[in-house]
There are 2 protein chains.
Amino acid sequence: MGGQIQREIMQLILDRGLRPGELLPTETELMDDLQVSRNSVREALKALQALDIVEIRHGYGTYVGQASLTPLADGLTFRTLVQLGGDDVHALSEILQVREVLEEGLVLRIIDTIPDADIDELDEIVKRMETRAKEGEVFPDEDRDFHEVLYRSMGNALVPQLLSAFWNVFHRVAGARGWADDPSPMGTARRHKEIVRALRARDRERVEAAMSTHFRGIETRAKKAMRGVG
Amino acid sequence: MGGQIQREIMQLILDRGLRPGELLPTETELMDDLQVSRNSVREALKALQALDIVEIRHGYGTYVGQASLTPLADGLTFRTLVQLGGDDVHALSEILQVREVLEEGLVLRIIDTIPDADIDELDEIVKRMETRAKEGEVFPDEDRDFHEVLYRSMGNALVPQLLSAFWNVFHRVAGARGWADDPSPMGTARRHKEIVRALRARDRERVEAAMSTHFRGIETRAKKAMRGVG
DNA sequence: GCACATTTGTGCGTATGTATG
DNA sequence: GCATACATACGCACAAATGTG
């Protein structure tokens, strides 16, 4: 089997109780431990690096990785581009649909419990969005921060990583295809502002409507981009 | 940069418009095209294989992969085990929480549109569950099929893959930790049956309640397992 | 700044395993 | 069985990056 050595290295990490950030044995030591050649060790490490299970630093050593969702973003990006290449724009709307279902469900779970401090922070982010929008600029970083702060109070580390992965796919595909930036930053800022207002009012129906409107905005923007270039 | 050759190979696939299942250039051809050694090509291919972007068949050739969510399942499994190793059972409940939000949102989107034929198929799956449960057996395959058929009518290929990835993580972690199987197959079958009944009645509130109960069952089962062994 | 050891990165040669004709 | 073509695996040598003294 090709993935045998990979599994042995993963098991070695688990057996020795190594934690993310800690140093792995050197390639030479792994050769001795697993009784395989250096090339085989390196191929296994490269595969594990692609999964963010290990992190390799030239001239220093190999660490246990964070097992982030980077590989998910990589895989989905490639998957989308390959399908777009075959004249299929369906893949991107599938990702958008999953993200929408997730966020509309998530926001209802935090509506009663999100601290006022977090809502204040969302307000600040929206203010920055508005400032940039007035100058005709786009604000991908603020957009990213917004959705991260929104679900921070859940204490679920997987949620922001998953959303971030979807977000990355969307923007990387847009970049690779040469699509234009958000054509209406003012509208995007306004839709985020309405989410914050609805949240502050702790108004369930209004929050649902605001989040739904937010995603209609993204959908429109994506379809425009596809028509415009693709 | 380490991932340079990987990106070049990905770009090569996109540039040549290769589709999943099609044959890539041989390693020798890639050496010539990219002007790098065989080892470098192989390490890049191994990394892409880990992401399911290429598929390597010994003695035959390298194909464009399906870009499935296998890497997500691998990464989340490792992530969970590493954190459990550090006395942290939080990671698994995070995954469960995301899956719950997803499924509770998804089921409301198909409630009015799922074809009667699919509901009939769900009924058949539940009947198989009951048969096995009566014999004291567990039914992981039927469980898997149930949630796949449930969302089939959405026409979103990402949904079942994502749910399947989460499902795999859950069961692989359980296996690696030596946790016991479902202690109450009858209860699990009953909860699935109620979902089908609520769906057939197209009763929104009842479906929500049934899905929520279903996840309370999984949660209980997981917590029991953790207490029992971990 | 400099020399040195350690570690990962790259390249090449060769032998072996596997599928096709 | 044999020949061919390909992937797989191993071992060695040297280059490049990093940390230490």
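Letters go in sequence order (proteins before strands), and every chain restarts at 1.
With distances taken from any side-chain atom of B:Val36 to the nucleotides C:dT8, C:dG11, D:dC10, the minimum falls on C:dG11. When distances are taken from the side chain of A:Asn39 to each of D:dG11, D:dG19, C:dT8, the shortest belongs to D:dG11. Picking from C:dT8, C:dG11, D:dG19 the nucleotide with the shortest atom distance to the side chain of B:Ser37 gives C:dG11. With distances taken from any side-chain atom of A:Glu43 to the nucleotides D:dA7, C:dG9, D:dA9, the minimum falls on D:dA9.
For A:Thr26, no side-chain nitrogen or oxygen approaches OP1 or OP2 of C:dT6 to under 4.0 Å. Between B:Arg42 and the phosphate of D:dT8, there is a side-chain N or O to OP1/OP2 separation shorter than 4.0 Å.
A 3.5 Å limit on both hydrogen-bonding distances identifies no Watson-Crick or G-U partner for C:dG1.
The separation between A:Leu23 atom CG and C:dT6 atom P is 16 Å, rounded to whole Å. As rounded to whole Å, 11 Å separates atom P of D:dA9 from atom CD of A:Gln6. Spacing between atom CG of A:Leu34 and atom P of D:dG11 amounts to 13 Å, rounded to whole angstrom units. Taking atom CD on B:Glu27 and atom P on D:dT8, their separation rounds to 6 Å, with Å as the unit. Between the C1' atom of D:dA7 and the CD atom of B:Glu29 lies a distance of 13 Å, rounded to the nearest Å. Distance B:Ile56 CD1 to D:dC6 C1': 13 Å, rounded to the nearest Å. To the nearest angstrom, C1' of C:dC12 lies 11 Å from CZ of B:Arg38. In this structure, NZ of B:Lys46 is placed 18 Å from C1' of C:dG9, rounded to the nearest angstrom.
Mapping A:Gln35 and A:Tyr60 onto DNA chain D by nearest heavy atom places A:Gln35 closer to the 5' end of the strand.
A:Leu45 comes within contact range of no nucleotide atom at all, as no heavy-atom separation falls under 4.0 Å. Across all strands shown, A:Thr62 has heavy atoms under 4.0 Å from sugar-phosphate atoms exclusively, and none from any base.
The aromatic rings of A:His147 and A:His192 lie perpendicular to each other, with more than 60° between the two planes, well past the 30° mark.
For the pair B:Leu76 and B:Phe166, the minimum side-chain heavy-atom distance is below 4.5 Å. The shortest side-chain heavy-atom distance between B:Arg152 and B:Ile114 does not fall under the 4.5 Å cut-off.
Judged by distance alone, with hydrogens and angles left aside, A:Arg57 brings no side-chain donor or acceptor close enough to the base of C:dG9 to form a pair under 3.5 Å.
The local environment of CD in B:Glu27 is crowded, with over 12 non-hydrogen atoms from other residues, nucleotides or ligands closer than 6.0 Å. More than 12 heavy atoms of other residues, nucleotides or ligands shown are found within 6.0 angstrom of CD on B:Glu130.
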